[in-house]
Amino acid sequence: MDRYMQMAIEEAKATKAEGGSPFGAVLVRGDQVLGRGRNLMIQNNDPLSHGEMEAIKAAGLQESYADTVLYTTAFPCLMCAGAIVRYQIPTVIIGASWEHNAPSREFMTLHGIELLEWRLSECYQLVE
């Protein structure tokens, strides 16, 4: 496993320890981390505070996202997929995925997003 996915897992573990939903994400350009995020829906009483959204927000407004990679511990939901497509983040590396992710998978694929599903046991264990 590479260091960026490990960072996403650290974010997921941290939010789980806080009583939140165990999902984390990291947005990277080259070898530079632009933003890290964790699911803060419960902690912030904010239904939009998913890990992917928080990582994108932490990165701030970029001139372009065309050369970035988003690492996420679990397959992005349709809302997060919308942000990924909107900002044209070309590659998403996913730690865990399930059958119910088909709508967001179809949506991102239709818009040319490369999806790399690593199916890591550590990411599945986070949500058990």
Side-chain angles (χ1 to χ4, degrees):
M1 173 182 343
D2 77 2
R3 67 183 176 136
Y4 303 116
M5 182 59 77
Q6 189 58 48
M7 288 179 193
I9 290 169
E10 289 168 10
E11 292 294 331
K13 287 179 177 178
T15 194
K16 187 174 186 176
E18 297 167 353
S21 298
F23 305 107
V26 176
L27 185 64
V28 177
R29 174 179 288 122
D31 62 356
Q32 178 187 9
V33 173
L34 299 176
R36 294 173 67 142
R38 64 181 78 161
N39 188 301
L40 296 171
M41 287 183 5
I42 293 169
Q43 297 94 314
N44 293 347
N45 191 32
D46 180 355
L48 303 180
S49 287
H50 289 200
E52 298 89 344
M53 302 293 270
E54 294 298 319
I56 294 168
K57 284 192 326 187
L61 190 58
Q62 302 290 310
E63 187 173 313
S64 171
Y65 296 82
D67 57 349
T68 63
V69 176
L70 181 68
Y71 290 78
T72 181
T73 58
F75 207 97
C77 71
L78 200 49
M79 176 184 70
C80 294
I84 291 163
V85 168
R86 165 63 181 89
Y87 292 105
Q88 299 175 18
I89 297 169
T91 304
V92 180
I93 298 176
I94 303 149
S97 64
W98 296 268
E99 291 296 320
H100 70 273
N101 299 123
S104 57
R105 178 181 286 111
E106 278 181 37
F107 178 70
M108 287 188 286
T109 301
L110 179 67
H111 287 87
I113 308 300
E114 178 183 29
L115 304 173
L116 303 173
E117 298 181 54
W118 286 1
R119 301 182 188 274
L120 301 171
S121 60
E122 189 169 2
C123 291
Y124 288 102
Q125 291 168 3
L126 284 166
V127 297
E128 289 178 353

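Values reported hereafter were calculated over all heavy atoms of this structure, with side chains retained and with hydrogens, waters and symmetry mates removed.
Two residues are said to be in side-chain contact when any heavy atoms from C-beta on lie closer than 4.5 Å; T68 and P90 meet this criterion. Side chains of F107 and V85 form a contact here, defined as non-hydrogen atoms less than 4.5 Å apart. Between M108 and F75 the shortest side-chain heavy-atom distance falls below 4.5 Å. Taking 4.5 Å as the limit, every side-chain heavy atom of E122 sits out of range of all side-chain heavy atoms of M5.
To the nearest 0.5 Å, the span separating CG on D67 from CD on Q88 amounts to 12.0 Å. Atom CG of N39 is separated from atom CG of D46 by 9.5 Å, given to the nearest 0.5 angstrom. For the atom pair CD (E128) and CD (Q125), the distance works out to 6.0 Å, reported to the nearest 0.5 Å. Expressed to the nearest 0.5 Å, how far CD1 of I56 lies from CZ of R86 amounts to 11.0 Å. Rounded to the nearest 0.5 angstrom, R36 CZ and Y71 OH are separated by 13.0 Å. To the nearest 0.5 angstrom, L48 atom CG is 9.0 Å from E54 atom CD.
Annotation: ring-ring contact (aromatic ring centres under 6.0 Å, His included) contacts involving residues 44-65, sequence neighbours excluded, comprise Y65-Y87. Listed by first and then second residue, the ring-ring contact (aromatic ring centres under 6.0 Å, His included) pairs that reach into residues 13-40 come to none, sequence neighbours excluded. The side chain to side chain donor-acceptor pair (under 3.5 Å) pairs that include a residue from residues 72-82 are E52-T72, where partners are two or more places apart or lie in different chains.
Scanning both residues, G24 and A12, for their nearest heavy atoms gives N-CB, 3.6 Å. Residues P76 and I84 come closest through the heavy atom pair CG-CD1, 3.9 Å. Across every non-hydrogen atom of D31 and R3, the tightest pair is O-NH2, 3.4 Å. Nearest heavy-atom pair, S64 versus R29, reported as atom, atom and distance to 0.1 Å: O-NH2, 2.6 Å. Here the shortest heavy-atom pairing between G20 and I42 reads CA-CD1, 4.1 Å. Among all heavy-atom pairs drawn from S49 and N44, the shortest one is OG-ND2, 4.1 Å.
Side chain of Y4 to main chain of A25: no donor-acceptor pair is present (N/O by atom type, distance under 3.5 Å, no hydrogens or angles).
When each of V92, N101, I93, T91 is tested with L115 by the rule side chain to side chain contact (heavy atoms under 4.5 Å, CB included), just one qualifies, namely V92.
By the rule that hydrophobic residues join a cluster once side-chain heavy atoms approach within less than 4.5 Å of another member, W98 and L120 end up as members of separate clusters. Under the 4.5 Å side-chain contact rule for hydrophobic residues, L70 and I9 do not share a cluster. I94 and L78 fall within the same hydrophobic cluster, where Ile, Leu, Val, Met, Phe, Trp and Tyr residues are linked whenever their side-chain heavy atoms come under 4.5 Å apart, directly or through other members. Side-chain heavy atoms closer than 4.5 Å link hydrophobic residues (I, L, V, M, F, W, Y) into clusters, and following such links, possibly through other members, connects L116 to V69.
Checked against side-chain contact (heavy atoms from CB on, under 4.5 Å), Q43 has the following partners two or more places apart in sequence or in another chain: T15, E18, L40. Shown here are the side-chain hydrogen bond (donor to acceptor under 3.5 Å, both in side chains) partners of T109, two or more places apart in sequence or in another chain: there are none. Scored by the side-chain hydrogen bond (donor to acceptor under 3.5 Å, both in side chains) test, R105 finds E117 as partners (sequence neighbours excluded).
Here K13 does not pair with E10 in a salt bridge; the nearest charged N to carboxylate O distance is not below 4.0 Å.
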